[in-house]
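Below is one structure; the comments refer to it alone.
Chain A is the first sequence line, chain B the second, and so forth, proteins listed ahead of strands; every chain is numbered from 1. These values consider heavy atoms only, across backbone and side chains, with no hydrogens, waters or symmetry-generated copies.
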Amino acid sequence: MRFATWNVNSVKARLPRLLDWLTGTAPDVVCLQETKVAGDAFPEQEVAALGYTTAAYGQGRWNGVALLSKVGLDDVRHGFTGQPGFPDPEARAISAVCGGIRFMSVYVPNGRSPEDPHYSYKLAWLSALRDALIPDLAAGPLVVAGDWNVAPDDADVWDVSVFAGSTHVTVPERDALAAVRGIGLADVPARALKGDHPYTYWDYRAGMFHQNKGMRIDLVYASAGVAAAVTDAYVDRDARKGKGPSDHAPVVVDLSGLPSDHVG
DNA sequence: ATGTCCCTTCACAAGGGA
């Protein structure tokens, strides 16, 4: 099985590139973030023509997550138990069982700045996610993938000194992310296709991509059996090149056979 | 570290968010 996660920064604006990428990469399951469309406005027919079933959870202008699958899409859930709002619920998580694995696509709140109410919202959101994942992990193989808006380590940004006083690198954010892993999820490290840094996001501004001033914030967390079945994982930086890219690159993961924690 | 992109609206320009 091949699966992927990608923050597309508007599925409407990215549709031609998304369809090309699906055709060329041929993942079985895709976790999408920042689709920026209401659920019923997702281009389901276009991806169905490539063999994908869609589950989309959107709210229009902002946020929006979706799952695409060629291997089934069962027990779809929008959001998670205890998910905080800002103040209302936001379309930031969707999960379903595909090919015997529960996949959750997550778009973690940005936080804006450590003094902003959005930052405490981000921490509360991650804490509630951790709690909600415990029963999902007990139920069987699990993949939680998406845009976490946290760089787990100093090496995950091009220059940590630039981020002094900023979100994405603070201790509470990193602790909240570590707490999610702490329930028994493993980080699936993705290799870079070029250079030493598997960054997944580069700001559109100031030629950041071409200077490789990026961040590793799109992460794949997996249950032990899924992690043990990984044969390869890479950041597809080629998808960040050229005209009209998203500011994020996809992360692609290959699995050999069924995960050893497969049940049923 | 602020050089872009995307979305929306008291819409054809400006603001918000990332």
Subject >> Opening and closing nucleotides of DNA chain B in contact with chain A, under 4.0 Å to non-hydrogen atoms >> reply: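 For DNA chain B, the relevant span reads dA1(B) to dA18(B).
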
**OP:** Not counting sequence neighbours, which residues clear salt bridge (Lys or Arg N to Asp or Glu O under 4.0 Å) with Arg112(A)? List them please.
**Re:**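 For Arg112(A) there are no salt bridge (Lys or Arg N to Asp or Glu O under 4.0 Å) partners, ignoring immediate neighbours.
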
Could you tell me how far [M] sits from [N] if I compare only their [atom1] atoms? Round to whole Å.
| N | M | atom1 | result |
| --- | --- | --- | --- |
| dT2(B) | dG16(B) | C1' | 15 Å |
| dG3(B) | dA18(B) | C1' | 16 Å |
| dC6(B) | dA11(B) | P | 23 Å |
| dC10(B) | dC5(B) | P | 26 Å |

**OP:** Would you mind telling me which residue lines up with the more 5' stretch of DNA chain B, Gly244(A) or His248(A), judged by nearest nucleotide?
**Re:** Gly244(A)

**OP:** For Pro245(A) and for Ala206(A), locate the closest nucleotide of DNA chain B by heavy-atom distance; then report the residue assigned to the nucleotide nearer the 5' terminus.
**Re:** Ala206(A)

**OP:** Inspect the contact between Asp136(A) and Arg77(A) and indicate whether a charged nitrogen and a carboxylate oxygen are less than 4.0 angstrom apart.
**Re:** yes

**OP:** Please name the pair of heavy atoms, one in Arg2(A) and one in Thr25(A), separated by the smallest distance, quoted to 0.1 Å.
**Re:** NH1-O, 3.0 Å

Original post:
Which part of the nucleic acid, if any, lies within contact of Trp202(A), taking any heavy atom under 4.0 Å across all strands shown: a base, the sugar-phosphate backbone alone, or nothing?
Top reply: nothing

Original post:
So what does Tyr107(A) hit on the nucleic acid, given a heavy-atom distance under 4.0 Å: a base, only sugar-phosphate, or nothing?
Top reply: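 Sugar-phosphate: the residue Tyr107(A), judged by heavy atoms under 4.0 Å, touches backbone atoms but no base.
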
**OP:** To the nearest 0.5 angstrom, please state how far the NZ atom of Lys122(A) sits from the NE2 atom of His168(A).
**Re:** 4.5 Å

Original post:
Any idea if dC10(B) is syn or anti, going by the 90°-from-0 cut?
Top reply: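 dC10(B): anti glycosidic orientation.
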
Original post:
Do Arg237(A) and Trp202(A) come within less than 4.5 Å of each other through their side chains, counting heavy atoms only?
Top reply: yes

**OP:** Step by step, work out the side chain to side chain donor-acceptor pair (under 3.5 Å) result for Arg14(A) and Ser246(A).
**Re:** CA-CA 7 Å; Arg14(A) 217 63 57 211; Ser246(A) 169; 4.7 Å; no

